[in-house]
Amino acid sequence: MLLAELQNHKLPAEFYQRPTLEIALELLGKVLVCVRPEGVAAGYIVETEAYIGQDDPACHAYKGLTPRNKTMWGEPGLAYVYFTYGNHWMLNTVTERADYPAAALLRGLQPLLGLDLMHQRRQLDQLKGKPADYKLANGPGKLCQALGITGALNGFSLQSEELFIANPPAEAALPPFEVVQTTRIGITRGMDSPWRYYVAGNKSVSKT
DNA sequence: GGGCTGATTTGCT
DNA sequence: GCAAATCAGCCCG
């Protein structure tokens with residue numbers, strides 16, 4: 001079964017102990033897996049953004065350490081989950097090294113496992129019917145909703161049993177793809193840094 | 001397909 | 001109080 005394969009190919013701690021831009025780039029095509037009591041959901045990462053250090057005006061760490069952004073100063077490989085806009089959770093992977101606040105935001109997922117569960121969680125309106133599969137997690141807020149990720153997972157290790165990122169086995173990998181590098185989305189400061197990456201042509205990218 | 005707008009909570013000024 | 005690493009609904013074409 002694919003889930004067992006994925007569990008055996010978790011990214012090692014060293015993967016996260018590197019420059020954030022490298023990590024954001026290399027996360028593309030990896031598989032994010034979330035195991036909750038109600039079931040398993042997983043998808044290919046197709047869009048990421050880097051937020052790097054206290055000098056990056058768009059990074060939450062810009063204004064210094066607060067209870068909310070504390071996880072960014074933690075060990076690389078932790079999940080930094082935060083709440084914004086009154087409705088939405090966001091998932092990041094902590095990068096670089098402990099005591100240095102940096103993270104890669106996961107912005108888009110191409111659904112792979114647990115499609116029914118994702119539809120159930122993302123159900124908007126009984127009358128409207130199901131959204132297309134590629135729209136289940138094509139955005140950072142939707143991604144968390146589809147996988148059942150909430151603040152309860154903030155500070156969890158991304159090598160845990162509940163939430164982890166894995167290198168898919170060759171037979172389950174995304175077909176070869178090109179990467180587009182561009183500026184970040186949804187921010188009001190630090191808009192010049194081209195720290196967003198996505199899989200060219202993939203429909204689960206939030207905006208092209 | 002694209003543009004505009006209200007929703008709704010948390011954390012910090 | 002207000003801004004926020006957003007989303008969905010509604011209108012238009």
Side-chain angles (χ1 to χ4, degrees), chain A residues 16 20-21 23-25 27-28 32 43 45-74 76 78-96 100-111 118-155 158 165 180-199 201-208:
Chain A
Y16 302 100
T20 310
L21 289 177
I23 295 167
L25 175 60
L27 280 173
L28 297 180
L32 173 66
I45 297 167
V46 298
E47 181 181 357
T48 61
E49 281 179 359
Y51 290 86
I52 312 174
Q54 293 193 255
D55 296 329
D56 173 5
C59 182
H60 284 168
Y62 187 57
K63 294 177 184 170
L65 191 144
T66 68
R68 181 200 199 202
N69 63 25
K70 178 172 174 298
T71 305
M72 285 188 111
W73 274 264
L78 296 183
Y80 169 42
V81 184
Y82 69 88
F83 189 75
T84 192
Y85 289 113
N87 319 328
H88 303 293
W89 294 100
M90 309 274 156
L91 173 64
N92 303 248
T93 76
V94 176
T95 59
E96 308 265 353
Y100 182 83
L105 169 69
L106 305 187
R107 293 190 52 94
L109 219 60
Q110 177 182 323
M118 292 196 205
H119 276 291
Q120 200 177 311
R121 288 181 175 134
R122 293 265 301 122
Q123 186 155 45
L124 310 170
D125 185 340
Q126 295 276 5
L127 302 173
K128 293 276 169 92
K130 296 158 82 169
D133 289 347
Y134 74 87
K135 290 183 179 171
L136 285 171
N138 60 334
K142 299 187 220 178
L143 181 158
C144 286
Q145 195 184 351
L147 267 62
I149 294 169
T150 69
L153 293 173
N154 184 34
L158 285 169
I165 299 175
V180 178
Q181 177 174 14
T182 182
T183 50
R184 293 173 293 183
I185 291 185
I187 53 177
T188 55
R189 297 183 301 270
M191 298 166 73
D192 299 332
S193 304
W195 292 350
R196 174 172 178 245
Y197 299 93
Y198 64 86
V199 173
N202 193 291
K203 294 176 93 171
S204 294
V205 173
S206 62
K207 190 163 176 263
T208 55

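A, B, ... follow the sequence lines: proteins, then strands. Residue 1 opens every chain.
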Short side-chain N/O contact to [N] OP1/OP2 from [X], under 4.0 Å:
X	N	value
Thr188(A)	dA4(C)	yes
His88(A)	dA5(C)	no
Lys63(A)	dT13(B)	no
Arg107(A)	dT6(C)	yes
Arg122(A)	dA8(C)	yes

Tell me the interatomic distance from [X], atom [atom1], to [N], atom [atom2], rounded to whole angstroms.
X	N	atom1	atom2	answer
Gln123(A)	dG9(C)	CD	P	12 Å
Asn69(A)	dT10(B)	CG	P	17 Å
Arg196(A)	dA5(C)	CZ	P	15 Å
His60(A)	dG11(B)	NE2	P	12 Å
Met191(A)	dA4(C)	CE	P	11 Å
Tyr62(A)	dT13(B)	OH	P	13 Å
Tyr85(A)	dT6(C)	OH	P	5 Å
Tyr51(A)	dA5(C)	OH	C1'	4 Å

Query raised in the report: With Tyr80(A), which of Leu91(A), Asn69(A), Thr95(A), Leu158(A) fulfils side chain to side chain contact (heavy atoms under 4.5 Å, CB included)?
Result: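 Result for side chain to side chain contact (heavy atoms under 4.5 Å, CB included) with Tyr80(A): Asn69(A).
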Query - Interatomic spacing from CD1 in Ile52(A) to OH in Tyr100(A) - rounded to 0.5 Å - result: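 Answer rounded to 0.5 Å: 6.5 Å.
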Query raised in the report: Could a donor-acceptor pair under 3.5 angstrom be found where the side chain of Tyr82(A) meets the base of dA5(C)?
Result: yes
Query raised in the report: For Ile187(A), which contact category applies under a 4.0 Å heavy-atom criterion: base, sugar-phosphate, or nothing?
Result: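 Answer is sugar-phosphate: Ile187(A) comes under 4.0 Å of backbone atoms only.
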Query raised in the report: Any idea which of dC7(C), dT10(B), dA5(C) is nearest the Pro140(A) side chain?
Result: dC7(C)
Query raised in the report: With both distances under 3.5 angstrom, what nucleotide forms a Watson-Crick or G-U wobble pair with dA5(C)?
Result: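 dA5(C) is paired with nothing.
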Report summary line: Between Leu21(A) and Ala50(A), the two heavy atoms sitting closest are CD2-CB, 3.8 Å
Query raised in the report: If we ignore angles and hydrogens, is there a donor and acceptor under 3.5 Å between the side chains of Thr20(A) and Glu96(A)?
Result: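 Yes - a donor-acceptor pair under 3.5 Å links their side chains.
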Query raised in the report: Heavy atoms, side chains only, cut-off 4.5 Å: are Thr48(A) and Arg107(A) in contact?
Result: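 Of all side-chain heavy-atom pairs linking Arg107(A) with Thr48(A), none is under 4.5 Å.
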